[in-house]
Trainee: 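Here it is, the structure in full.
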Number of protein chains: 2
Amino acid sequence: MKTNLYEKKAQIFKALSNPVRLEIIDFLADGEKCVCEIVENLNYEQPHISKSLIKLKEAGLIKDRKEGLNVYYSLKICCMGEFFNCLNKIFKQENN
Amino acid sequence: MKTNLYEKKAQIFKALSNPVRLEIIDFLADGEKCVCEIVENLNYEQPHISKSLIKLKEAGLIKDRKEGLNVYYSLKICCMGEFFNCLNKIFKQENN
DNA sequence: TTATAATATTCCATTTTTGGAATATTGTCA
DNA sequence: TGACAATATTCCAAAAATGGAATATTATAA
C-alpha cells in the first residue's frame with residue numbers, strides 16, 4: 001500500500017498522457033464547464049468524454065459539482081498552465 | 001502523420017508517467033550523470049535504467065553525450081522543477 | 001408515474017506498456 | 001588481438017490503457 005511520491009506523481013502524469021484528456025483540461029482552463037458543453041465543443045462521444053473526466057478526477061486534477069441534471073467540472077490544479085506554456089515554447093524551438 | 005499539439009504533449013506526459021523514469025529525472029536534476037552513476041544510485045537493473053533513459057531521450061526530455069565508454073545524460077527541459085514543486089505542495093495539502 | 005435529457009457504467013477486442021532475462025554492441029587498454 | 005567494462009538491444013509474457021458500442025442511472029418536469 002505504500003505508494004511513494006514518484007508513484008503518486010507518475011499517476012498524475014498518466015492521467016495527463018492522453019490527447020483527449022489534455023484537450024479537456026485545456027477547455028476547462030477557461031473556467032468551469034458542464035459535461036454537455038464539453039461534449040458539444042470537443043468532438044468526441046459523450047461516454048468517451050465522461051470516462052476521460054472521471055480519470056482526471058480520480059487523479060485529482062479536476063473536481064465536479066452537481067446541479068440538477070448537470071455536472072460541472074473545473075480544474076483543481078493551478079500549476080498546469082505554466083508547464084503547458086513551457087512545453088509550447090519548447091515545441092516552437094524544435095520547429096526551427 | 002499529423003500529430004497535433006495535444007498528442008505531442010501527451011507523449012511527453014507518457015514519458016513522465018512512470019516512477020522509475022521520474023526518479024531518474026529527479027536524480028538528473030542534480031546535474032549530468034553517466035549511466036553507471038544512475039545504476040549505482042537508483043536501485044534498478046542496468047537494462048531497465050538504459051531503457052528508461054532511451055524513452056526519456058526519445059520524448060525530448062533528456063540528452064546524452066558519449067565520452068569513451070561512458071554515456072552522460074542530462075536534463076533538456078527546464079520547467080519541470082517548477083511543476084514538480086507544485087505537485088509536491090498539492091500532495092502536502094492532501095495529507096492534512 | 002412516465003418521458004426525457006444529462007451523465008455514468010459496463011463489456012470487450014485491440015493496442016500499448018511493463019519489467020525481467022538473456023544477449024549484443026562498443027570503446028579501451030594491456 | 002583478446003578481455004573486460006559500460007551501455008544498449010531483443011525477446012517475451014503479463015498487465016494496463018484505449019475507444020467503440022450498448023446500456024444503465026439519475027434528476028426533472030409534465
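Computed from a predicted model, the values in this text were never measured in an experiment. Naming: A, B, ... by sequence-line order, numbering from 1 per chain.
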Trainee: Answer with base, sugar-phosphate or nothing: what part of the nucleic acid does K57(B) contact at a heavy-atom distance below 4.0 Å?
Mentor: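 Contact class for K57(B): none.
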Trainee: Go nucleotide by nucleotide along DNA chain D from the 5' end; which of E45(A) and D64(B) gets its closest nucleotide reached first?
Mentor: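 Result of the comparison: D64(B).
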Trainee: For S50(A) and for K14(A), find the nucleotide of DNA chain C with the closest heavy atom, then tell me which residue's nucleotide is more 5'.
Mentor: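 So the residue in question is S50(A).
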Trainee: Please figure out whether K55(B) or P47(B) has its closest DNA chain C nucleotide nearer the 5' end.
Mentor: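 Between the two, 5'-proximity favours K55(B).
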Trainee: Specify the residue among E67(A) and L53(B) whose closest nucleotide of DNA chain D lies further upstream toward the 5′ end.
Mentor: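 Closest to the 5' end, via its nearest nucleotide, is L53(B).
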Trainee: Provide, to the nearest angstrom, the distance between the CD1 atom belonging to I38(A) and the P atom belonging to dA5(C).
Mentor: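 Interatomic distance, CD1 of I38(A) to P of dA5(C): 20 Å.
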Trainee: Within the structure provided, determine whether L42(A) and V20(A) are in side-chain contact (heavy-atom separation under 4.5 Å).
Mentor: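 No, too far: nothing below the 4.5 Å cut-off.
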Trainee: How would you label the contact of I54(A) with the nucleic acid (heavy atoms, under 4.0 Å): base, sugar-phosphate, or nothing?
Mentor: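 Sugar-phosphate, backbone atoms only, no base.
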Trainee: Treating Ile, Leu, Val, Met, Phe, Trp and Tyr as nodes and any side-chain heavy-atom pair under 4.5 angstrom as an edge, say whether I90(B) and I12(A) lie in one connected cluster.
Mentor: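 Looking at the clustering, I12(A) is in the same group as I90(B).
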Trainee: Between F83(B) and F13(A) (judged by ring centroids, cut-off 6.0 Å), do the two rings come close enough to count as a pair?
Mentor: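 Yes, the ring of F83(B) comes within the 6.0 Å limit of the ring of F13(A), centre to centre.
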Trainee: Does Y73(B) reach a base, just sugar-phosphate, or nothing at all? Heavy atoms under 4.0 Å.
Mentor: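 Sugar-phosphate only.
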Trainee: Tell me: CG of N70(B) to C1' of dT26(C), nearest whole Å?
Mentor: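 After rounding, the gap between these two atoms is 12 Å.
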Trainee: Take the protein atom CG of L56(A) and the nucleotide atom C1' of dT7(C), then report the distance between them rounded to whole Å.
Mentor: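 Distance, rounded to whole Å: 16 Å.
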Trainee: Please list, in 5' to 3' order, the outermost nucleotides of DNA chain D lying under 4.0 Å from any heavy atom of chain B.
Mentor: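 Endpoints of the contacted stretch of DNA chain D: dA5(D) to dT10(D).
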Trainee: Would you mind classifying the nucleic acid contact of K51(B) as base, sugar-phosphate or nothing, using non-hydrogen atoms under 4.0 angstrom?
Mentor: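 Base: the residue K51(B), judged by heavy atoms under 4.0 Å, touches a nucleobase.
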Trainee: Would you say R21(B)'s side chain and K14(B)'s backbone share a donor-acceptor pair under 3.5 angstrom?
Mentor: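 Present.
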Trainee: Could you check whether any side-chain heavy atom of N70(B) comes within less than 4.5 Å of a side-chain heavy atom of V35(B), counting everything from C-beta outward?
Mentor: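 Not touching, per the 4.5 Å side-chain cut-off.
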Trainee: Could you tell me the separation between the NZ atom of K66(A) and the C1' atom of dA6(C), rounded to a whole number of Å?
Mentor: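 Atom-to-atom, K66(A) to dA6(C), this comes out as 11 Å.
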Trainee: Would you please name every residue forming a ring pair (Phe, Tyr, Trp, His ring centres under 6.0 Å) with Y44(A), sequence neighbours left out?
Mentor: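 For Y44(A), the residues satisfying ring pair (Phe, Tyr, Trp, His ring centres under 6.0 Å) (neighbours in sequence not counted) are H48(A).
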Trainee: For M80(A) and L61(A), which heavy atoms make the closest approach, and how far apart are they?
Mentor: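 Closest pair (atom of M80(A), atom of L61(A), distance): SD-CD2, 4.2 Å.
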Trainee: Please give, in whole Å, the distance from dG20(C) P to Q46(B) CD?
Mentor: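 The answer, rounded to whole Å, is 13 Å.
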Trainee: Do any side-chain nitrogens or oxygens of H48(B) fall under 4.0 Å of OP1 or OP2 in dT18(C)?
Mentor: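 No, outside the criterion.
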